[in-house]
Enquirer: 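What follows is a single structure, and I will ask about it in a moment.
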Amino acid sequence: MIRKTILIIVFISLALTGQAKEGMWLPVLLDKFNIGDMQQMGFKLTAEDVYSINHASMKDAVVIFGGGCTGEIISPEGLLITNHHCGFSAIQKHSSVSHDYLTEGFWAMSRQEELPNENLSVTFLKRMDDVTEAVLEGVNSELPMVKRDEIIARNIKSVVDKALKDNGYSAHVEKFYAGNQYYLFVEEVFTDVRLVGAPPSAIGKFGGDTDNWMWPRHTGDFSIFRVYAGKDNKPAGYAPDNVPFKPAYHFPISLKGVNEGDFTMVFGYPGSTAEYVPSFHLQMLINDVYPKLINVRTQKLNIIKHYMESDPAIRIQYAAKAASISNSWKRWKGEIKGLNKLDAVTRKQQSEAEFTKWVLSDDTRKRKWGNLLDEYRTTYSKYGEYSLARSYLLELIGRNSMETVALAGLYAGLVDLVERNGVDDAKVQSLVTALRKRTDSHFKDFYQPVDQKLSPVLLNSYRTEVPIVFHPAVYTEIDKKYKGDTEKFVDQLFQKTVFTNHEELMDYLMNLQKLKKLKKDPAVKLYQSISQMYHDKVMVGYRLYHDRLDSLNQIYMQALMAYEPERHFYPDANFTLRIAYGDVKGYEARDAVYYNYFSTLEGIMEKDNPDIYDYRVPERLKELYRTKDYGRYEQDGTVPVCFLATNHTTGGNSGSPVVNASGQLIGVNFDRAWEGVMSDLMFNPNQCRNISLDIRYALFIIDKFAGAGYLLDEMTLVE
Ligand code: ARG
Ligand code: ASP
C-alpha cells in the first residue's frame, strides 16, 4: 500500500515536472506570473529574493559580460564566473606563441597577476521599471507610423534623462511585446575587469566545434574574472590601484550536485527570440536565407580550417574567427531540422487560419485586423529579398570575411573625415588612435593566404546566390577587365594594395597629408563598391520593410493577446534580464536514442584522441583520472562535468547562473542541445534542453588541475 502511494506520488510529480517550461520571464513580474508555479516545482525562495530594489537580491550578482554574454559574481570580492567562450577573445588577446594561454590556460596566482582587458565591461542592473504609459503618452492608433515613432523617441529621451539625474548610472528603454510595453533599465557599468583564470582550450573548449550544440557534452566552458572599482566602490577606468569591487550579493555555491527532476532556474540575458512571428517568417528562413548562409559559411570554414591545421600560429590567429563563423552555421542547420520536425510552418498556418476565422467573425475585429496576414504576406515577399542581400553582404565584408577589404573600409572612413574636417580635428585624431590599435590587432591575427583564398570564393558565391539587382558595380569591372576571372581580379588587388602592409599603414597614420593616395587603392575601391550597394540600395529597402514589419508585429501581438486573453504571454528575448525555470532532465534525441541528464570525466577519457584536435585531453587531467584524485568533487567514483535541464534559454544566456531550489549556484549555462535550438522560433517541450557546466567540475579544475585552490577561499561553498 505504502509502495503504491509512493508510486502514485512519484508519478504525479513526474507529470507535473515532465515537460520543459516555455518562457523567458521578467524578474519584476515573477510575483504576478510565475512564483507560484516555481514554488510548486520546488523553489524555496521568494520573488523578492530574486529581484528587489529595496535590499540585496540575486539580480545584484548577475551581469552582462562584455557585449553578449552573462556572468555572475561568486565572491564578496568581485570574483566572477562566465564561460570560456565568453572570455575567449580576452584570453586570445593575451596569447601569442610564446605565452599561449589558449593552449596552456592561464591562472593568476595572486591579485597582482590578474590581467586587465581593454574594452571589456560588466554591467549590473540597478532597477527596471515599466514606463509604458510615459513612453506611449500622446500616441494613438490613428497616427501615421513616422509620427508615432517620433513621439515615442521623444518620450523615451525624457524618461531616460529623468532616470539619469546625476547618479552616475546609465539608462536605456527597451520595447517588449513588439512595442506594446516599454521598460526602463538603470545600470552601472564597470570597465576594470581583469582575467583571473582560464583552463586550457583542451578543457574550456573540449570538443570544440565538433561537439558544439550537442549532447553528450564534456566542455569545461568557464573562465574567471574579477571586477575592480575605485576606492569608493564605484566604476573607474583601469588603474593599478583600483580595488576589488564589493558586490551587494554573490552566489553561494552548492557542492551537493544535481539529480534528475531537481528544480533549476537560469537567470541571465537571452539575446533574441521570435516566438510570435507569422508562418511567412519561418518560410523565409527555412527555404531561402538559412540554406544560403549555411552554404557560404561552409565554404569559409573549409578554407580557414585548412590553414589552421597547417600551422599552430595560424590556428591561434583564426581560432576565435572560426568558432564564431561555425557557431551560427551549426545552429541554423539545427533550426531548420527542428522546425521541419515540428512541422512548424503548417502549425503556424493552422493557427493563423483559426485566428483569421475569429477575426472575421466580428466587425470591429475585422476592421482592425482583417488585412493583417495579407499585409504580412506582401511585406515578407519583399523583406525576404532585402534580408538575404543584407546578410550576404555582411558575410562578405563583415563577420571575419574579406578582412583586407574591411580594413580598407575603416581607412576610407578616415580619408573622408580628414577631407571634411582637416587633419587637426579632434575627431580625426581620436579615429587615428583607434585605427592604430585596430590595425595592430588586425595584423596580429592575419594570415594573407587565408584572405586571398577566401575573397574570390565569397565574391563568386554572392554573385550566384543573390539576385542581380543587388550586385555591386565591381562585378562589371571583373567581367570587362578580367573576363569574369574573379581570382585574377583578387590576385591583382593583393599585389597592389597597401592594406597587407602593416608598416606602411602605420606610416599613413603618421602622415595624414598622404592619406588621399589611399583613395586609389584597389581594396578601398572594392570596399566602396560593396558599401555603396549596401547603403544606397540594400539597407534602404531593408529598413523600409523592416519598419513595416515592426508595426505589423505590434498590431499582431495586440491581436494575439485579445485572441487568447487567459494566456500569459512572455515577451520575446531582447537581451534584457530574464528568468527561465525548469528541472534537470534528459531527453529523447531521436528514435531509440535517450540521453541521460549528466556527463562525467569518464566521457572525456572515452573521447580522448590525440589525432583529433578537439579531443586531445591534457596530460595533467589524465593523471588526475589515473590517481582518482577527485577530492570533494567526486560523485559515484567520478567527477560530474555537464548536465541537462529544461530551461528555455537562447544566445546571450551563456555564462548565466544556474541555481537550485535554494538559489545556490549548481552550474553555469553555456549551450543548448541541437535538437532543441528551434525553440527560439517555436518551442518544443520534449527537446528544448539547456546545457550547463556542473559547478563541481569548474571547482575541480581550479583546485586540482590548476592548483589555484586559493580562489575557493573567497567563495561561499555549501557542502
Ligand atoms: N553554442 C554555444 C553558444 O552559442 C557555444 C559557442 C562557442 N563554442 C564554439 N565551439 N564555437 O554560444
Ligand atoms: N552558447 C550560447 C551563448 O553564447 C547559449 C545558447 O545559445 O544556448 O549565449
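Counting starts at 1 for both ligands and their atoms, in listed order.
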Enquirer: Just jot down the ligand 2 atoms closer than 4.0 angstrom to any heavy atom of N653, in number order.
Expert: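 Here the atoms of ligand 2 in question are 9 (O).
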
Enquirer: Return the closest protein heavy atom for atom 2 (C) of ligand 1 as residue, atom name and distance.
Expert: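 Ranked first by proximity to atom 2 (C) of ligand 1 is D671 OD1, 3.1 Å.
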
Enquirer: Taking 4.0 Å as the limit for heavy-atom contacts, which would you say applies to R331 with ligand 1: side chain only, backbone only, both, or neither?
Expert: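 None of R331 does.
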
Enquirer: List ligand 1 atoms under 4.0 Å from A323, heavy atoms only on the residue side.
Expert: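 Listed by number with element, the hits are 11 (N).
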
Enquirer: Examine the proximity of ligand 2 to W213 and report which part, side chain or backbone, both or neither, has a heavy atom under 4.0 Å away.
Expert: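 The part of W213 near ligand 2 is the side chain, not the backbone.
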
Enquirer: Ion pair present between K321 and D445, side-chain N to carboxylate O less than 4.0 angstrom?
Expert: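 Answer for the salt bridge query: no.
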
Enquirer: Taking Y581 as the fixed residue, which of T264, T646, D37, V266 is the one that meets the side chain to side chain contact (heavy atoms under 4.5 Å, CB included) rule?
Expert: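 That would be D37; it is the only one of T264, T646, D37, V266 passing the side chain to side chain contact (heavy atoms under 4.5 Å, CB included) with Y581.
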
Enquirer: Could an N or O of ligand 2 be found under 3.5 Å from any N or O of R672, whether backbone or side chain?
Expert: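 Such a contact does occur with ligand 2.
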
Enquirer: Measure from NZ or CZ of K607 to the centre of the six-membered ring of Y615, then state whether that distance is under 6.0 Å and the direction lies within 45° of the axis.
Expert: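 No, K607 and Y615 do not form such a contact.
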
Enquirer: Which of the numbered atoms in ligand 2 are below 4.0 angstrom from a heavy atom of F670?
Expert: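 In order of number, 1 (N), 2 (C), 5 (C).
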
Enquirer: When you compare the side chains of T576 and N574, does any donor N or O come within less than 3.5 Å of an acceptor on the partner?
Expert: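 Distance-only check passes for T576 and N574.
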
Enquirer: Are I701 and I203 close enough that some pair of their side-chain heavy atoms sits under 4.5 Å apart?
Expert: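 Sidechains of I203 and I701: in contact.
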
Enquirer: Using a 4.0 Å cutoff against the non-hydrogen atoms of K205, which atoms of ligand 1 qualify?
Expert: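 What qualifies from ligand 1 is 10 (N).
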
Enquirer: Starting from atom 4 (O) of ligand 1, what is the nearest protein heavy atom, named by residue and atom, and what distance separates them?
Expert: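 The protein heavy atom lying closest is N327 ND2, 2.9 Å.
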
Enquirer: Look only at interatomic distance and state if H85 has a nitrogen or oxygen under 3.5 Å from any nitrogen or oxygen of ligand 2.
Expert: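 Yes; the residue has a nitrogen or oxygen that sits under 3.5 Å from a nitrogen or oxygen of the ligand.
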
Enquirer: Between N212 and N327, does any side-chain donor sit less than 3.5 Å from a side-chain acceptor?
Expert: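 There is such a pair between these side chains.
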
Enquirer: Cationic tip of R315 within the cone over Y613's six-membered ring, i.e. under 6.0 Å and within 45° of the normal?
Expert: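 Ring-cation test returns yes.
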
Enquirer: Out of curiosity, is F670 lining ligand 1, as in a heavy atom under 4.0 Å away?
Expert: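 True for this residue.
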
Enquirer: Within the 4.5 Å heavy-atom criterion, are P199 and F705 side-chain neighbours or not?
Expert: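 In short, these two side chains do not touch, never coming nearer than 4.5 Å.
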
Enquirer: What protein heavy atom is closest to atom 10 (N) of ligand 1, reported as residue, atom name and distance in Å?
Expert: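 It is D209 OD1, 2.7 Å.
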
Enquirer: Can you find a pair of side-chain heavy atoms, one from F88 and one from K205, that are under 4.5 Å apart?
Expert: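 SC-SC contact between F88 and K205 confirmed.
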
Enquirer: Which ligand 2 atoms, with their elements, are less than 4.0 angstrom from a heavy-atom of G652?
Expert: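 In order of numbering, the contacting atoms are 3 (C), 9 (O).
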
Enquirer: Does the separation of the ring centres of Y587 and Y595 fall below 6.0 angstrom?
Expert: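 Ring centroids of Y587 and Y595 are less than 6.0 Å from each other.
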
Enquirer: Identify the protein heavy atom lying closest to atom 8 (N) of ligand 1, giving its residue, its atom name and the separation to 0.1 Å.
Expert: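 For atom 8 (N) of ligand 1, the nearest protein heavy atom is N212 OD1, 3.8 Å.
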
Enquirer: Does the residue G208 have a heavy-atom contact with ligand 1, meaning some pair of atoms that are separated by less than 4.0 Å?
Expert: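 Contact present.
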
Enquirer: Between S654 and ligand 2, is there a nitrogen or oxygen pair with a distance under 3.5 Å?
Expert: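 It does: an N or O of S654 is found under 3.5 Å from an N or O of ligand 2.
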
Enquirer: Between the side chains of T638 and E602, is a donor N or O closer than 3.5 angstrom to an acceptor N or O?
Expert: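 The answer is yes; a qualifying pair exists.
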
Enquirer: Can you tell me which residue among Q299, K292, K300 is in a side-chain hydrogen bond (donor to acceptor under 3.5 Å, both in side chains) with E395?
Expert: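 One option only clears the test, and that one is K300.
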
Enquirer: Residue-level breakdown please: for T650 versus ligand 2, do any non-hydrogen atoms fall below 4.0 Å on the side chain, on the backbone, on both, or on neither?
Expert: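 For T650, the contact with ligand 2 is made by the backbone alone.
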
Enquirer: Please confirm whether K330 approaches ligand 1 to less than 4.0 Å, judged on its heavy atoms.
Expert: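 No, K330 has no heavy atom closer than 4.0 Å to ligand 1.
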
Enquirer: What do you reckon, does C69 have a nitrogen or oxygen under 3.5 Å from a nitrogen or oxygen of ligand 2?
Expert: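 No - when backbone and side-chain N and O of C69 are compared with those of ligand 2, no distance drops under 3.5 Å.
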
